[in-house]
Amino acid sequence: MKTRSTLDIAEISRERVRRGPPIVRLDSAGREMYEPDGAELTKFVLSNNKVDIIQGPLGAGKTIALFRRLGRHAMEQRPSPRDGLRKTRWFVARSTYPELKRTTIRTWQRVWPSHIYGPVKMGAPPSHEIAFGDVRMTIDFLALDSEDDIQKLRSADYTGGAFHEVQYTELGLFREGRSRVNRYPEEAEGGATWSGILADANAPSPDHFLALMTGQVDLPDGLSIEERKALEWPKEWGFFQQPPAVTKIRDSRGNFVRHEVNLDAENLRWMATDYYLDQLSGNSKDWIDNRLGNECVLVIDGSPVWPSFNRDFHVAREVLEPLPRYDVLVWLDFGRVYPAALFAQEIGGRIYVQHEILGFNEGATIFAPKVKRFLEQNYPGHSFRCVGDPKGRDKAQSSEQSSYDIWASLGMPVTPAPVRQNNISERLEAVSFALNDNPGGQPRLVISPRCRTLIVGMAGRYHLVKEEDGELRPKKDRYSNLCDCLQYGCIALGEGQRMRGLTPAVQMKPVAGIRAKAKGVRRRVA
């Protein structure tokens, strides 16, 4: 990609003039005529793949292109043989309701303004009914941050859908969305002319499915054939990667010197002349590389819960495999949306975290068998001990069984983590103690590189946010559940007691190992 160095605002202004002035042109009905400024934007808008994702920097015009493309498919829908109308139904999803209301719907109304197409009705969920000519579009705006929201998606039939800011969407939820498209209009009305999933994104975190599936980061070592296959980018999917908004200037030795605005960036024609120059001031290099440079770099949005975590020190260079004759420690969090499990061994006084499992929208009846199969396949013949969130003993609203009852029925009894009232401060301190207790300069807590979500969480995605009462607490999301598992495990191993010079509060007896077929030789952790 050819790039040019930006010296000042005047040069950016000359580039904008070369591309043409940012003039909004209207058709005879007063509707804005869309003019994408860039090759990737244009290709994305005109593509017809069943899945298309566009990734680019802030201000690159991605969301406008996304919403314009929905309109294009609605206008190209074949008319119904019953009444001659072009009927389509779409969902537009965002990770949380405040973001949906504050950014997604506002941008939607820029593309489909209420004075022409009618207002967005702020119901549950918000929706927009659009009618012009023979086109009839229905759009549901979904915030997919709770079990109830996910059930709304599962209970509806759509022509297609769009994920706004898909870098915050889990792969399981993305797949859930795909399962609800190509279901409207019904075949009696001609079926869908085009159906599929569209998405826009800024550069995601290194552990996100978009980064892994598109090859922007290397896959972790030690993945099974099935895991690697699940992360292959299907050849029929489209991925459109826009040029960065800034480039890196380096000295003669290749050392980074500064960022400069990239005059080959897309959508410059429609941006304020000094927008990107302003963003270069007061932001960290990682933030600029990610948000403007379109690179998959981890950006910390708040104060990390465990600032003493050091990826180079606490993450093993090679994949950790289990040693025979040592118990497998299974640490559990029972969250419905993101149930989680960590698998570890304590060997020679050191804690080796070897595997992670993060479910999606699964109750104990689904997640517990998944963990059992994992034990059978990866820890054949090992004794194991399960420790979990004390809240797992609570009965479900729709059943007399608790999560603990379900796990016990499968031969995996769970011991509640010995923490009074599930005190978050004690749990966090237990992990901090393990991170800082490094005898002989060797880490006491060692994490396998295959635990990529846990690592990214500990590196800062699990961070403190100010809540409505003004208190700082760890943010609750998919990173927090695995970090909670680690807290329960460290508490159960006695870290909460050792840091006070006491012996562990609980000495648990191991459960007999699960029968399974023997596996091949493994690399050992010690």
Side-chain angles (χ1 to χ4, degrees), residues 320-347 350-360 362-396 399 401-420 422 426-427 430-431 434 445 447-448 450-451 453-454 480-497 504-516 525:
L320 302 181
E321 301 288 3
L323 280 179
R325 298 183 297 278
Y326 286 92
D327 297 342
V328 180
L329 311 174
V330 185
W331 303 331
L332 303 165
D333 186 85
F334 303 106
R336 171 73 192 207
V337 177
Y338 294 115
L342 290 178
F343 302 82
Q345 289 183 308
E346 187 178 30
I347 302 169
R350 300 174 72 186
I351 305 168
Y352 295 92
V353 183
Q354 299 158 353
H355 291 279
E356 67 179 22
I357 296 181
L358 185 65
F360 172 71
E362 302 168 3
T365 55
I366 297 175
F367 190 65
K370 180 187 292 187
V371 171
K372 185 175 183 179
R373 285 192 298 270
F374 189 87
L375 281 168
E376 292 173 346
Q377 295 168 1
N378 294 274
Y379 295 94
H382 284 265
S383 296
F384 63 94
R385 294 180 282 166
C386 298
V387 176
D389 180 353
K391 292 182 179 179
R393 293 173 294 186
D394 298 341
K395 305 292 184 181
S399 170
Q401 279 190 313
S402 68
S403 294
Y404 278 43
D405 294 332
I406 295 170
W407 286 78
S409 70
L410 294 172
M412 296 184 291
V414 180
T415 300
V419 52
R420 289 178 301 177
N422 210 9
E426 289 185 19
R427 288 159 39 194
V431 176
L445 177 61
I447 302 172
S448 175
R450 57 159 59 106
C451 300
T453 304
L454 175 65
S480 66
N481 289 28
L482 284 167
C483 290
D484 286 346
C485 290
L486 184 62
Q487 294 162 34
Y488 299 134
C490 287
I491 284 282
L493 288 175
E495 298 307 309
Q497 299 293 318
V506 174
Q507 296 289 347
M508 294 173 294
K509 295 181 180 180
V511 177
I514 293 177
R515 290 184 179 181
V525 299

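Throughout, numbering of the chain's residues begins at 1 and tracks the sequence.
- E362 and G359 get closest at one heavy-atom pair: OE1-CA, 3.8 Å.
- The residue from Q345, R450, E321 that alone fulfils the side chain to side chain donor-acceptor pair (under 3.5 Å) condition with Q354 is Q345.
- Using cut-offs of 30° and 60° on the angle between ring planes, the pair W407 and F367 is perpendicular.
- Contact annotation: the side chain of L329 approaches that of E346 to within less than 4.5 Å [non-hydrogen atoms, C-beta and beyond].
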Report task. Apply ring pair (Phe, Tyr, Trp, His ring centres under 6.0 Å) to the pair F384 and F343, showing each step before the final yes or no. Result -> CA-CA 10 Å; F384 63 94; F343 302 82; 9.7 Å; no
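- When every heavy atom of P418 is checked against every heavy atom of A492, the shortest pair comes out as CD-CA, 3.9 Å.
- Side-chain contact between Y338 and D484 is absent, with no heavy atoms from C-beta onward closer than 4.5 Å.
- Shown here for L486 and L342, the closest heavy-atom pair between the two residues is N-CD1, 3.6 Å.
- Atom CD1 of I447 and atom OH of Y352 lie 13.0 Å apart (nearest 0.5 Å).
- Across all non-hydrogen atoms, the minimal contact from Q401 to I406 is OE1-CG1, 3.7 Å.
- Within the 4.5 Å cutoff, the side chain of L332 has heavy atoms near those of the C386 side chain.
- Side-chain atoms of E356 never come within 3.5 Å of backbone atoms of L482 as a donor-acceptor pair (strictly under, hydrogens ignored).
- Ring planes of F374 and H355: perpendicular class, angle over 60° (limits at 30 and 60°).
- The structure places CZ of R373 at 8.5 Å from CD of E376, a figure rounded to the nearest 0.5 Å.
- Remark: D389 pairs with N422, Y488 by the side-chain hydrogen bond (donor to acceptor under 3.5 Å, both in side chains) rule, at least two apart or across chains.
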Query raised in the report: Please walk me through it: do L493 and W331 pass side chain to side chain contact (heavy atoms under 4.5 Å, CB included)?
Result: CA-CA 11 Å; L493 288 175; W331 303 331; 3.8 Å; yes
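- Between L323 and H382, the closest heavy-atom pair is O-CE1, 2.9 Å.
- Residues S403 and F334 share a closest heavy-atom pair of CB-CD2, 3.8 Å.
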Query raised in the report: Stepwise, does the side chain to side chain contact (heavy atoms under 4.5 Å, CB included) test hold for L375 with M412?
Result: CA-CA 11 Å; L375 281 168; M412 296 184 291; 4.0 Å; yes
Query - From CA spacing to verdict: side chain to side chain contact (heavy atoms under 4.5 Å, CB included), C483, L454 - result: CA-CA 6 Å; C483 290; L454 175 65; 4.2 Å; yes
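- Taken to the nearest 0.5 Å, the CZ atom of R385 stands 9.0 Å off from the OG1 atom of T415.
- Put simply, the side chain of P339 does not reach to within 4.5 Å of the side chain of D333, judged on heavy atoms.
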